[in-house]
Amino acid sequence: MTIGPDQAVGGRRGGLDGFFNLSGQGSSVAQEVRAGITTFLTMSYVLFVNPQILSGAIQVPNAFVQLLMATAIAAAFGSLAMGLVAKYPFAQAPGMGLNAFFAFSVVLGMGVPWQTALGAVFVSGVLFVLLSVLGARQAIVKAIPNSLKFAITGGIGAFLAFLGLRSAGIVVANEATMLGMGAVTAPGAWLALLGLLLTAVLMARNVKGAILYGILITSLIAVVLRLPVYPGGPEGALQAFQGFQNGVVGVPVWPSDLVGQLDLGGALALGLLNVVFTFFFVDFFDATGTLTGLAHRAGALTPDGDLPRARRTFAMDGLAAMFGAFMGTSTVTAYVESASGISEGGRTGLTAVVVGVLFLLATFLWPLAGAIPAAATAPALILVGALMMEGVRHIDWDDLTDSLPAFLTIIAMPLTFSIANGVSLGVIAYCVLKALTGKAREVSPVLYGVAALLLFRYVFLATE
């Protein structure tokens with residue numbers, strides 16, 4: 001007798017295997033744990049970067065530590081919700097870019113109180129959940145053609161690789177050319193290149209845990225050789241690892257000055273609807289594009305392009321945004337770095353649960369995350385980015401109405417530093433080209449509606 005996906009010798013499977021269907025997904029507890037650790041390490045920078053960005057706008061006592069705790073708790077909640085309810089290996093945390101928009105554009109630029117800005121984030125999260133429950137978000141995912149789905153995945157790969165090259169100092173800002181080549185002899189750059197070579201060799205030899213081992217070995221090299229690749233030096237300079245000055249265990253600080261401080265009434269005032277809808281549009285298409293790309297990479301999409309358990313998945317994304325706003329941080333969303341764990345074999349929600357647990361532990365052991373420099377996680381982002389480009393070969397490059405929107409999707413993500421912009425430009429270009437070349441019927445009416453809304457957003461609403 002053949003053993004079905006929900007059965008095992010002696011009866012139905014129980015425990016973690018039964019709850020997450022590990023056997024049915026060809027995975028195991030060890031594989032999912034390894035994937036979760038990998039994802040956490042590649043995104044652990046959020047523990048420090050998010051407080052740095054938000055602390056300039058959110059003025060409370062001991063702001064950095066309180067924001068670090070809020071970030072960790074919000075990331076833990078979002079990842080646990082995605083793992084336990086949606087059962088996908090997608091980790092969540094306060095989104096980069098969205099936090100900068102929150103701090104610099106809304107609070108510091110427009111003069112909106114940070115409590116009111118948090119209220120706007122919460123309201124946008126409510127809208128996410130409502131649209132998810134009503135099936136609107138999954139309808140949009142289904143309406144996106146396969147060519148754009150492949151392009152979204154490839155674009156996220158290009159975006160990840162760009163993030164890795166940037167964090168390693170291999171790609172730097174240049175006033176004359178906007179971007180330029182950094183000094184490859186700088187400690188961070190050559191360490192990242194060494195880590196890239198090491199991890200690539202391990203992956204080519206099919207070593208399980210290659211990405212995780214690459215991160216850990218590269219970090220160890222940085223510590224042992226005392227390379228100046230860690231933040232915290234004078235005037236923002238990088239420095240060698242300073243050790244665990246206050247130990248590796250600390251008592252968590254409850255962010256009492258942040259929790260529950262959101263101002264819903266102020267956010268719903270007529271003058272701030274623009275801010276609410278900007279948060280909504282940016283995160284809607286950022287998260288939808290990210291989740292679609294990650295699902296494709298994980299092999300979770302059906303042949304028709306549907307995402308099983310889509311309502312739950314998108315609802316958990318919205319719920320995480322609401323919870324994050326309540327805790328006192330900017331929009332919580334799905335993280336593209338989840339692709340690193342997926343590449344390590346993460347296929348179920350157990351991967352996201354491991355990430356959530358690690359974020360909770362970070363409230364006690366967060367100094368440990370400081371031992372992982374950006375130069376050590378950069379190789380993982382570059383390699384995962386390369387792997388995610390695989391699907392672009394399925395795009396019909398001979399049909400310009402397919403290939404140009406796909407190209408715009410891919411190239412716009414790293415160049416505008418926004419997944420949402422890449423998805424938006426691709427969808428708009430696809431609809432317009434099909435409509436003007438006699439192929440209007442190839443496009444779903446839902447997608448035409450989405451394109452119209454995106455055009456409205458770019459023309460009438462504030463941009464990122």
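Other residues, nucleotides and ligands place more than 12 heavy atoms under 6.0 Å from the CZ atom of F48. Around the CZ atom of R166, the shell of radius 6.0 Å holds no more than 12 heavy atoms that belong to other residues, nucleotides or ligands. Other residues, nucleotides and ligands contribute more than 12 heavy atoms inside 6.0 Å of the OH atom of Y45.
Judged purely by atom type and a 3.5 angstrom limit, R347 uses its side chain to pair as donor or acceptor with the backbone of I342. A donor-acceptor contact shorter than 3.5 Å links the side chain of Q66 to the backbone of D257. Judged by distance alone, with hydrogens and angles left aside, the side-chain atoms of K149 form a donor-acceptor pair with the main-chain N or O of I144 at under 3.5 Å. Judged purely by atom type and a 3.5 angstrom limit, T39 uses its side chain to pair as donor or acceptor with the backbone of G341. Side chain of D17 to main chain of S23: a donor-acceptor pair is present (N/O by atom type, distance under 3.5 Å, no hydrogens or angles). Without hydrogens or angle criteria, T199 side chain to L196 main chain gives no donor-acceptor distance under 3.5 Å. Remark: the backbone N or O of Q92 is paired with a side-chain donor or acceptor of S79 at under 3.5 angstrom. In terms of modelled atom types and a separation under 3.5 Å, the side chain of T377 and the main chain of A374 share a donor-acceptor contact. In terms of modelled atom types and a separation under 3.5 Å, the side chain of R226 and the main chain of A240 share no donor-acceptor contact. For the pair K87 (side chain) and F19 (backbone), a donor-acceptor distance under 3.5 Å is present.
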Stepwise side chain to side chain contact (heavy atoms under 4.5 Å, CB included) test for M82 and L291: CA-CA 11 Å; M82 187 65 74; L291 289 170; 4.2 Å; yes

Test ring-ring contact (aromatic ring centres under 6.0 Å, His included) applied to F77 and F359, step by step: CA-CA 9 Å; F77 176 87; F359 270 114; over 10 Å; no

Derivation and outcome, side chain to side chain contact (heavy atoms under 4.5 Å, CB included), residues V384 and S343: CA-CA 7 Å; V384 171; S343 295; 3.9 Å; yes

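One finds the OG1 atom of T416 at 10.0 Å from the CD1 atom of I411 (value rounded to the nearest 0.5 Å). Here the CG atom belonging to L227 is positioned 11.0 Å from the OG atom belonging to S219, to the nearest 0.5 angstrom. Note that CG of L294 is 10.5 Å distant from CG of L307, once rounded to the nearest 0.5 Å. With rounding to the nearest 0.5 Å, the separation of OG1 in T38 from CG in L212 is 4.0 Å. Separation of atoms CD1 (I221) and CG (L198) is listed at 7.0 Å; rounding is to 0.5 Å. Here the CG-CE distance, from N174 to M181, works out to 12.5 Å after rounding to the nearest 0.5 Å.
Between V392 and F407 the shortest side-chain heavy-atom distance does not fall below 4.5 Å. Side-chain contact between V259 and W254 is present, with heavy atoms from C-beta onward closer than 4.5 Å. Counting heavy atoms from C-beta on, the side chains of W114 and V106 never come closer than 4.5 Å. Contact annotation: the side chain of R34 never approaches that of I37 to less than 4.5 Å [non-hydrogen atoms, C-beta and beyond]. Counting only heavy atoms from C-beta outward, the side chains of T302 and P308 approach each other to under 4.5 Å. Between H394 and N146, the closest side-chain pair of non-hydrogen atoms is not below 4.5 Å. By the 4.5 Å heavy-atom criterion applied to side chains, F20 and L84 are counted as neighbours.
The nearest pair of heavy atoms linking R309 to T313 is O-OG1, 2.8 Å. Taking every heavy atom of both residues into account, P228 and P187 meet most closely at CG-CG, 3.8 Å. The two residues I410 and M389 have their closest heavy-atom pair at CG2-CE, 4.5 Å. Of all the heavy atoms in A91 and V355, the pair that sits closest is CB-CG1, 3.8 Å. Of all heavy-atom pairs spanning A168 and A192, the tightest one is CB-CB, 3.4 Å. A pairwise comparison of heavy atoms in S340 and I211 identifies O-CD1, 3.9 Å as the closest pair.
Two rings, from F159 and F417, have their centers less than 6.0 Å apart. For F326 and F122, the ring centers are positioned 6.0 Å apart or more.
For the residue pair E32/T351, the side-chain donor-acceptor check at 3.5 Å is satisfied. Judged purely by distance below 3.5 Å, without hydrogens or angles, the side chains of N50 and T329 pair a donor atom with an acceptor atom. A donor atom on one side chain and an acceptor atom on the other are not found under 3.5 Å apart for T348 and Q25.
Aromatic ring orientation, F90 versus Y88: parallel (interplanar angle below 30°, classes split at 30° and 60°).
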